[in-house]
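All values reported here derive from a predicted model rather than from experimental measurement. All chains are named by letter (A, B, ...) in the order of the sequence lines, taking the proteins before the strands, and each is independently numbered beginning at 1.
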Amino acid sequence: MNAWVSAPATIQNVGSGEIFTPAQIKHFRHNLLAWYEAHARDLPWRRMRDPYAIWVSEIMLQQTRVNAVLDHYARFMARFPTVQKLAEAEEPEVLAIWSGLGYYRRARMMHRAARVISNELKGHLPRTAAGLRRLPGIGAYTSAAIASIAFGDPVAVVDGNVERVVLRVRPRNSGIQAVAQVLLDPMRPGDFNQAMMELGATVCLPRNPLCLHCPVQKLCNTRGEHPVAPRKESVRKRVGHALVRRGERVLLEQRAQDASLMAGMWELPQLDGTLPGPERLLFTISHSITVTNYSVDIFRLRADEVHLLPEGGRRKWISVDDLAEIPLTGLARKVLKRLQVFKPPVSGGPLQR
DNA sequence: AAGACGTGGTC
DNA sequence: TGACCAAGTCT
């Protein structure tokens with residue numbers, strides 16, 4: 001038996017809606033939602049009905065863990081509380097708030113989408129998954145998430161969590177999207193979708209799932225057995241950056257606007273092969289960017305030694321008090337924080353509790 | 001349509 | 001310590 005042979009049966013199952021019996025579906029919805037009510041984490045965006053607030057959270061959560069999002073979310077919402085405010089902002093301001101979260105294209109696209117919403121949609125987000133899908137940065141998952149959570153549109157989301165849950169629970173060879181849609185509780189699509197993701201994130205874990213705590217264990221087909229995809233090989237590199245200070249200012253360098261990685265963002269000036277003597281080495285830290293693991297040497301240069309720097313991008317002296325307003329790369333933030341040059345602002349505003 | 005895109009937590 | 005991995009989207 002192989003996937004090709006069994007594919008037609010899958011389609012038939014999906015078409016006739018017999019992936020699970022009605023009783024099983026009812027059991028699944030009831031148990032999952034009851035579990036969710038008892039175990040849902042108290043997250044800021046779950047306290048809000050504002051579609052914009054939901055949108056921001058969904059973009060930030062793409063490929064990013066909840067814990068990494070919380071601080072940035074509070075700061076972002078305090079700084080850009082409405083679509084209109086976001087649309088009015090300049091891109092570097094948006095990137096500055098996003099700094100450290102990664103996948104900066106998300107911020108650029110969300111900013112562009114906010115301008116579309118402001119200019120062409122009277123400031124209102126589309127209320128359906130199909131409408132949302134047309135905006136930059138909003139794909140299959142995010143459109144379904146916003147539509148179901150903010151507007152009650154009965155569309156099942158399929159993210160990494162849901163995919164894993166469905167792969168474990170479903171009968172063999174049924175389609176993932178179809179199973180998720182069949183299981184979805186159309187009366188509470190937003191809660192149901194979040195419950196599925198919450199289950200995947202906290203119980204139905206990739207490696208060692210906590211099946212004993214699982215509310216739908218009874219009708220799970222695998223109880224945890226789950227294939228893992230092979231990973232890309234990582235690359236190791238060593239690079240150098242210079243810390244140059246002049247009083248309360250730090251020298252920063254802008255990455256090329258057409259760089260594929262962190263275009264136009266600011267970092268400590270790069271050094272090439274001719275490094276300063278080892279006595280100038282402040283420290284070495286490791287930093288991973290996508291599949292490359294960098295060993296980063298940070299050298300101290302005096303302000304009168306900037307001519308020793310190689311040809312680089314645009315450079316600028318920035319007051320340490322203004323660093324929070326600069327779109328720094330994550331690496332630059334990390335280095336400047338470690339040196340206590342940069343202290344990220346305490347997030348304030350209405351979201352703070 | 002496979003590869004690119006960031007980062008920090010976890011085990 | 002280092003590999004794995006996270007509420008995807010775009011090209």
Side-chain angles (χ1 to χ4, degrees), chain A residues 36 40-41 43-46 53-73 95 98-110 112-113 132-150 155-166 177 180 190-202 204-209 226 228-236 255 258-263 265 267 284-296 327-335 337-338 344:
Chain A
Y36 181 63
R41 290 168 288 182
L43 304 174
W45 47 88
R46 287 185 176 159
I54 307 294
W55 175 34
V56 174
S57 75
E58 289 302 338
I59 299 295
M60 285 195 175
L61 287 164
Q62 290 172 6
Q63 298 289 286
T64 309
R65 287 194 167 81
V66 165
N67 277 338
V69 165
L70 291 172
D71 274 2
H72 278 88
Y73 186 76
L95 288 173
W98 205 272
S99 167
L101 249 194
Y103 285 131
Y104 299 99
R105 195 171 54 180
R106 293 182 294 177
R108 292 191 170 95
M109 290 188 297
M110 189 165 65
R112 269 195 275 148
L132 289 158
R133 185 81 155 81
R134 297 192 199 104
L135 294 167
I138 299 185
Y141 161 77
T142 306
S143 57
I146 299 171
S148 63
I149 298 170
V155 195
V157 301
V158 177
D159 73 333
N161 289 310
V162 175
E163 180 176 330
R164 186 171 57 253
V165 171
V166 169
Q177 178 72 52
D191 287 341
F192 182 92
N193 280 333
Q194 294 190 78
M196 286 286 275
M197 296 191 279
E198 191 88 349
L199 186 69
T202 63
C204 196
L205 301 168
R207 250 103 45 97
N208 302 108
H226 181 56
V228 276
R231 293 284 125 196
K232 273 169 287 189
E233 259 184 57
S234 59
V235 181
R236 176 166 289 288
R255 297 175 60 83
D258 60 357
S260 69
L261 215 52
M262 297 168 280
M265 299 187 70
E267 60 187 351
T284 301
I285 60 174
S286 42
H287 187 75
S288 297
I289 298 178
T290 66
V291 296
T292 308
N293 303 315
Y294 291 92
S295 274
V296 185
L328 295 171
T329 65
L331 173 57
R333 281 171 69 89
K334 190 152 93 176
V335 170
K337 253 199 248 183
R338 166 155 172 181

d([atom1], [X]; [atom2], [N]) in whole Å:
X        : N     : atom1 : atom2 : value
A:Tyr73  : B:dT7 : OH    : P     : 22 Å
A:Met265 : B:dT7 : CE    : C1'   : 12 Å
A:Tyr104 : B:dC5 : OH    : P     : 13 Å
A:Lys334 : B:dT7 : NZ    : C1'   : 8 Å
A:Trp98  : B:dT7 : CH2   : P     : 13 Å
A:Met60  : B:dT7 : CE    : C1'   : 14 Å
A:Leu95  : B:dC5 : CG    : C1'   : 14 Å
A:Glu267 : B:dT7 : CD    : C1'   : 15 Å

Remember a base hit wins even if backbone is also touched, and classify [X] as base, sugar-phosphate or nothing at under 4.0 Å, heavy atoms.
X        : value
A:Ser57  : nothing
A:Arg41  : base
A:Leu199 : nothing
A:Trp45  : base
A:Ile59  : nothing
A:Gly100 : sugar-phosphate

Ignoring backbone atoms, establish whether A:His287 has a side-chain N or O less than 4.0 Å from OP1 or OP2 of B:dT7.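 So the side chain of A:His287 is within the cut-off, an N or O lying under 4.0 Å from OP1 or OP2 of B:dT7.
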
Any side-chain N or O of A:Asn293 under 4.0 Å from OP1/OP2 of C:dA3? yes

Residues forming a side chain to side chain contact (heavy atoms under 4.5 Å, CB included) with A:Ala332, sequence neighbours excluded: A:Glu267, A:Leu328, A:Thr329

Looking at residues at least two apart in the chain, or sitting in another chain, which of them share a side chain to side chain contact (heavy atoms under 4.5 Å, CB included) with A:Ile285? A:Phe283, A:Val296, A:Leu331, A:Lys334, A:Val335, A:Arg338

Name all residues meeting the salt bridge (Lys or Arg N to Asp or Glu O under 4.0 Å) criterion together with A:Arg333; count only those two or more places apart in sequence or in a different chain, and write none if there are none. none

Applying salt bridge (Lys or Arg N to Asp or Glu O under 4.0 Å), name anything that partners A:Arg41, two or more places apart in sequence or on another chain.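 A:Arg41 satisfies salt bridge (Lys or Arg N to Asp or Glu O under 4.0 Å) with A:Glu198 once adjacent residues are dropped.
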
First locate atom OH of A:Tyr73, then atom CH2 of A:Trp45, and finally report the distance between them rounded to the nearest 0.5 Å. 7.0 Å

Please give the distance between the P atoms of C:dT9 and B:dG8 as a whole number of Å.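 After rounding to an integer number of Å, I get 22 Å for this pair.
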
Can you sort out the partners of [X] under side-chain hydrogen bond (donor to acceptor under 3.5 Å, both in side chains), two or more places apart, ordered by chain and number?
X        : value
A:Gln194 : A:Arg46
A:Thr290 : none
A:His72  : none
A:Thr292 : none

Stems of at least 3 consecutive Watson-Crick or G-U wobble pairs (donor-acceptor distances under 3.5 Å) involving DNA chain B, listed by first number, are B:2-5 with C:8-11, B:7-11 with C:2-6

Measure all distances between protein nitrogen or oxygen atoms and nitrogen or oxygen atoms of nucleotides 8-11 of chain C, and list the pairs falling under 3.5 Å.
| residue | atom | partner | partner atom | Å |
| --- | --- | --- | --- | --- |
| C:dG8 | OP1 | A:Gly160 | N | 3.1 |
| C:dG8 | OP2 | A:Gln63 | N | 2.8 |
| C:dG8 | OP2 | A:Gln63 | NE2 | 2.8 |
| C:dG8 | O3' | A:Thr142 | OG1 | 3.4 |
| C:dT9 | OP1 | A:Gly139 | N | 2.7 |
| C:dT9 | OP1 | A:Thr142 | N | 3.0 |
| C:dT9 | OP1 | A:Thr142 | OG1 | 2.7 |
| C:dT9 | OP2 | A:Ala140 | N | 3.3 |
| C:dT9 | OP2 | A:Tyr141 | N | 3.2 |
| C:dT9 | O2 | A:Arg105 | NH2 | 2.8 |
| C:dC10 | OP1 | A:Gly137 | N | 2.6 |

Cut-off 3.5 Å, no hydrogens considered: what does the side-chain donor-acceptor table look like for residues 133-145 of chain A, sequence neighbours left out?
| residue | atom | partner | partner atom | Å |
| --- | --- | --- | --- | --- |
| A:Tyr141 | OH | A:Glu58 | OE1 | 2.6 |
| A:Thr142 | OG1 | A:Gln62 | NE2 | 2.9 |
| A:Ser143 | OG | A:Gly139 | O | 2.8 |
| A:Ser143 | OG | A:Ala140 | O | 3.1 |

Look only at the side chain of A:Arg164 and the backbone of A:Cys204, and say whether a donor-acceptor pair between them is shorter than 3.5 Å. yes

Pick one: which of A:Val157, A:Val158, A:Asp159 meets side chain to side chain contact (heavy atoms under 4.5 Å, CB included) with A:Asn193? A:Val157

Is there any protein nitrogen or oxygen under 3.5 Å from a nitrogen or oxygen in nucleotides 9-11 of chain B, and what are the pairs?
none

Which sits closer to the 5' end of DNA chain B, A:Lys337 or A:Ala259, going by the nucleotide each is nearest to?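 Taking each residue's closest nucleotide, the earlier one in sequence belongs to A:Ala259.
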
For a side-chain contact (heavy atoms from CB on, under 4.5 Å) check, start with the C-alpha distance between A:Ile149 and A:Ile146, then their side-chain angles and the critical distance, and finish with the verdict. CA-CA 5 Å; A:Ile149 298 170; A:Ile146 299 171; over 6 Å; no

